[in-house]
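Here the structure is a predicted model, which is why all the values come from computation and not from measurement. Reminder, nothing fancy here: chain letters follow the sequence lines and each chain counts from 1.
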Amino acid sequence: MPRIWVFGTDVNTDQIVPGRYAPYMLSADDDVRRYAFVEARPEFAGAVQPGDILVAGPNFGCGSSREYAPLALKRSQVGAIIAPLFARIFFRNALNLGIPCFTADLREQLADGDEVSFDVASGTIGRADGQALHLPAPAAWMREVWNEGGIVPFYRRHGRFPSTGA
Amino acid sequence: MGQTFAEQILSRAAGRTVSAGEMVVVDVDLVMMHDSLSPSIIETLHTELGAERVWDRDRVAVVIDHVAPAATVRQAEQQQQVRRWVAAQNITHLFDVGRGISHPVLIEEGLVQPGMLVVGSDSHSTGYGAVTAFGSGMGTTDIALALATGQTWLRVPETVRVQAQGRFQPGVSSKDLGLWATRTLRADGATYASVEWHGVPFMHWTDRMTLATLSIEVGAKAGMVAPAGLTHSVPEWLRVEDEAVYSRSIECDLSTLEPQVSVPHTVDNVFDLGDIGRIAVDVVYLGTCTNGHHADMVAAANILRGRRLAKGMRMIVVPASSESLAQAAADGTLNILLQAGATIGTPGCGACIGRHMGVLAPDEVCLFTGNRNFRGRMGSPRANIYLASPEVAAATAVTGYITHPGELAASS
C-alpha cells in the first residue's frame, strides 16, 4: 500500500536535495536517491517505498533549477506528488521526468503515514476508511507525457513537443 | 491591446502574436549551461535524446562557475569532460574558471541583448532581465532539448508589475527594493508569471541584475527591468505599452524605503532592518550574481574606507565576474577592502551553493548579499543566513552585528 508523506509549505529544492549532495559532488558510483530529504527528513530515503505519495503545501519545489531534486524522487519511485501549487521549474522538471504532479490540497484529508490505494489513471486515492479522494484531472498534454514516461521518450517517439491545443 | 515585455519577446520568438495563457513553441536565442549540470545535460543530449551535435555552436554558452576552481578530483574530472565536449562540439563560447558567474558574464560579453530569449540551466537565469531579455531557468532535460532543437515550449506568462517611485535614501539600494518585493509578493507571489520592474532608469545594469535575479525568489519565470536608461541598443519593438495588461501591480516609494533584511530560512521573511533587533554575525559574505558586482564592491568600500573589520569578524568578497574584479583592482576598491581586512575569492558562485570557498559551520551566522537563505544552503543546516545589501554587509562587518549603514556614517 502506498504510504503518504506529508510536507509543509515552500519546500525548496535545497530541502529535497541540498546542493552539497548534487551528483556533481558525489562519487561516480553514488546515487542522488540516497540524499532525498537528507537533512529535512533524514528517515525518508531509507523508508520510502515504490508508489509512495508526497502530499505538500503550496510552492513545493521552489528555488533552484536542479533536476536532480525530482530525479532523486523518481529514483525513489515516488508515485505522485500532490500540492496546491508547484514552483514552476520543479513542475517542468517533474513532468519531463514523468513524475505525476497533481494540483490539490489534501493536507486536511490525509495524514503522514496513512496507507492508501492509488490509481494514477483515474486520479483516485482510496483511504483506509473507504473514502475515495478524486484528484483534479491533469491537462491532456500532461497525461500524454506521463504515459510516455517523460518528455525524452515523448520527443523521441513523436519528434515534437506535446500538442497543447494552442 | 498592448503587450507586456514577455508577450513582445515571446511573440517574436514564436513568429506570431501571442498573449498570456497560451502555450507556445519558441526559438531560443541562446542556451546557457554551467559546470554543475553540464555533465547530466551532455549525457541526456547524446545518450537519451540521441542527438550528435548541438543545434548551433555559436548560440551555446558554457560557463564553469558553480565550483570554480574545482575543489575535488571528481569535480575536476567532470570539468575536464565538459571542456573536451566543448572542443569536440566546436562550441564558440566557453567561459572557464575565474571568468565569473554566467549571468553577468554573458551580458559583459555582449551575448545577451535586450529582447532576446535565453534559457539557462540555473534558476537565476531570470538575471538576463537586467537588460530586458527574457531569461528563464530550466533543468537538465529542458536544456538538453533546447540544445538539440534550438527550441523550447512554455506557457506565455501573466505579468506582475513592480513600479518604483522616487530615489533611494543614502545606504539604501536595489537589493532593498528587491527584498521589499519578495516581502510584498511572497515566495509564490509570481509563480508562473513574469515580473516587470519599472521606475528605475537611473540604475546601472548590474543593479538591475539584483532585481532580475531576485525575481525567481517570488517564483517568476522571467524578471525584466524596463529598458529606459540602458546603454545597450534596444530593439524598436521592445517598449512599455500603455495598454499592456498586468495581473497585479505593486508600488514602492524608494524615498521612504528602509534597509531590508531577509531573516532565516526563507527569502520572503523580510523585515525593516530596524525591527530585527541586535543580530551578531560571524561572517559577512559579499558576492553572487545578485550583489557581487563592481558597484557592490564600491558600495561596500565606501563604508569600509579607513575602517577595520570588527574583532572576530571574517569578510569574504567573491566578485561576480573577472571584469568586476579588474575594475575594482583598477580604481582602488580592492585595496580598501583588503586594508579593512576582507579577503577576495575567485570570481564565480563561491559559497552560495554551499560547496566551497567559505561554507558555514553549525550555529554560524552569515550576513550574505546573495539571493537565498534556505536552511543548509551555504553549508551546515544549523547555520543562519541573513540576506541584505552590500551597504548593510559592510556596516555589519565593521560593527559585528547587523547594522544600518547610516549608523556608521553618523558616528564617523
Side-chain angles (χ1 to χ4, degrees), chain A residues 9-15 18-28 30 32 38-40 57-71 84-98 139 141 150-156 159-166, chain B residues 18 22-25 35-40 44 48-50 66-67 72 74-75 77-78 120-125 136-145 148-149 151-155 157 186-188 191-192 216-217 219-221 266 268 352-355 359 372 374-377 379 381:
Chain A
T9 60
D10 294 328
V11 171
N12 62 61
T13 52
D14 278 87
Q15 289 170 276
R20 289 170 283 117
Y21 298 92
Y24 189 36
M25 308 293 284
L26 304 177
S27 64
D30 204 351
V32 69
V38 62
E39 286 162 356
N59 207 22
F60 187 83
C62 62
S64 157
S65 65
R66 60 187 67 154
E67 194 167 302
Y68 53 83
L71 182 65
L85 177 73
F86 288 90
R88 60 159 283 277
I89 305 178
F90 182 92
F91 189 79
R92 284 190 77 107
N93 286 341
L95 176 69
N96 286 342
L97 293 173
W141 48 266
I151 194 76
V152 167
F154 183 95
Y155 197 92
R156 290 203 74 155
R160 59 170 173 80
F161 293 96
S163 169
T164 54
Chain B
V18 300
E22 282 183 61
M23 299 286 295
V24 292
V25 174
D35 53 314
S36 185
L37 295 183
S38 283
S40 63
T44 302
E48 293 187 35
L49 277 168
H66 269 54
V67 185
T72 66
R74 169 83 174 132
Q75 291 153 9
E77 199 178 12
Q78 292 180 87
S121 69
D122 186 273
S123 61
H124 292 106
S125 298
S136 204
M138 293 183 173
T140 295
T141 305
D142 273 321
I143 295 298
L145 268 166
T149 65
Q151 291 188 316
T152 192
W153 62 310
L154 45 78
R155 181 176 174 280
R186 307 310 305 254
D188 58 358
T191 299
Y192 307 117
I216 180 65
E217 306 310 330
K221 180 178 289 187
T266 55
D268 61 354
C352 182
I353 332 131
R355 293 173 177 175
V359 299
R372 286 194 179 131
F374 298 155
R375 189 190 298 277
R377 172 81 179 173

Without swapping roles, check the side chain of Arg355(B) against the backbone of Gly19(A) for a donor-acceptor pair under 3.5 Å. yes
Select one option (side chain, backbone, both, neither) describing which atoms of Gln75(B) are under 4.5 Å from chain A's heavy atoms. both
With chain A, the option among Val25(B), Asp35(B), Asp122(B), Ile353(B) that has the most non-hydrogen atom pairs under 4.5 Å is Asp35(B)
Which atoms of Leu26(A) approach chain B - backbone, side chain, both or neither, heavy atom under 4.5 Å: backbone
One option among Ser125(B), Ala187(B), Ala148(B), Pro39(B) has the most heavy-atom pairs under 4.5 Å with chain A, and it is Ala187(B)
Among Asn12(A), Leu71(A), Thr9(A), Val152(A), which residue has the highest count of heavy-atom pairs closer than 4.5 Å to chain B? Asn12(A)
Under a 3.5 Å distance rule, please check whether Arg375(B) uses its side chain to pair with a backbone N or O of Gln15(A) as donor and acceptor. no
Looking only at Ala87(A), Ser64(A), Pro18(A), the option with the highest number of non-hydrogen pairs under 4.5 Å against chain B is Ser64(A)
Between Pro23(A) and chain B, with a heavy-atom cut-off of 4.5 Å, which part of the residue counts as in contact: side chain, backbone, both or neither? backbone
Could you look at Arg156(A) and say if it's the side chain, the backbone, both or neither that has a heavy atom under 4.5 Å from chain B? side chain
Mind checking the CZ-CH2 spacing from Arg92(A) to Trp153(B)? Nearest 0.5 Å is all I need. 6.5 Å
Asp188(B) meets the salt bridge (charged side-chain N to carboxylate O under 4.0 Å, His left out) criterion, sequence neighbours left out, with none
Between Ile216(B) and chain A, with a heavy-atom cut-off of 4.5 Å, which part of the residue counts as in contact: side chain, backbone, both or neither? side chain
With a 4.5 Å heavy-atom cut-off, do Leu37(B) and Glu67(A) have their side chains touching? no
How close do Met23(B) and Trp141(A) get, heavy atom to heavy atom, and via which atoms? CE-CZ2, 3.9 Å
Say you draw a straight line from OG1 of Thr191(B) to CG of Leu85(A); how long is it, rounded to the nearest 0.5 Å? 4.5 Å
I need the Asp10(A) CG to Thr266(B) OG1 distance, nearest 0.5 Å. 6.5 Å
Could I get the full list of ring-ring contact (aromatic ring centres under 6.0 Å, His included) partners for Phe374(B), not counting sequence neighbours? none
Heavy-atom pairs under 4.5 Å with chain B, option from Pro153(A), Gly63(A), Pro70(A), Gly150(A) with the top count: Gly63(A)
Given heavy-atom pairs under 4.5 angstrom as the criterion, report whether the side chain, backbone, both or neither of Thr149(B) touches chain A. side chain
Shortest non-hydrogen separation from Phe86(A) to Tyr192(B) and the atoms involved: O-OH, 2.9 Å
Taking atom types as modelled, find out whether Ser136(B) and Arg88(A) have a side-chain donor-acceptor pair closer than 3.5 angstrom. yes
With a 4.5 angstrom heavy-atom cut-off, which part of Arg377(B) approaches chain A: side chain, backbone, both or neither? both
What part of Phe90(A) gets closer than 4.5 Å to chain B, counting heavy atoms only: side chain, backbone, both or neither? neither
Heavy-atom pairs under 4.5 Å with chain A - which of Glu77(B), Met138(B), Glu217(B) has more of them than the others? Met138(B)
Sub-4.5 Å side-chain heavy-atom contact between Ser65(A) and Ile143(B): no
Between Asn96(A) and the options Thr44(B), Thr140(B), Asp142(B), the side chain to side chain donor-acceptor pair (under 3.5 Å) test singles out Asp142(B)
Residue Ala69(A) versus chain B: region with a heavy atom under 4.5 Å: neither
Where do Arg20(A) and Gly354(B) come nearest, in terms of heavy atoms and distance? CG-O, 2.7 Å
Given that the side chain runs from C-beta out, which part of Val359(B) has a heavy atom under 4.5 Å from chain A: side chain, backbone, both or neither? neither
Let me know if Gln151(B) has heavy atoms under 4.5 Å from chain A in its side chain, its backbone, both or neither. both
Looking at chain A, which one of Val18(B), Asp268(B), Thr152(B) has the largest number of heavy-atom pairs inside 4.5 Å, strictly under? Thr152(B)
Checking Thr13(A) against chain B: side chain, backbone, both or neither under 4.5 Å from a heavy atom? neither
Working to the nearest 0.5 Å, report the span between NE2 of His66(B) and CE of Met25(A). 11.0 Å
Is it true that a side-chain atom of Tyr24(A) and a backbone atom of Ser38(B) form a donor plus acceptor pair closer than 3.5 Å? no
Engaged part of Leu145(B) at the chain A interface, taking heavy atoms whose separation is under 4.5 Å: side chain
Quick one: of Arg186(B), Gln78(B), Arg155(B), who has the most non-hydrogen atom pairs under 4.5 Å with chain A? Gln78(B)
Ala220(B) portion near chain A, given a 4.5 angstrom heavy-atom threshold: backbone
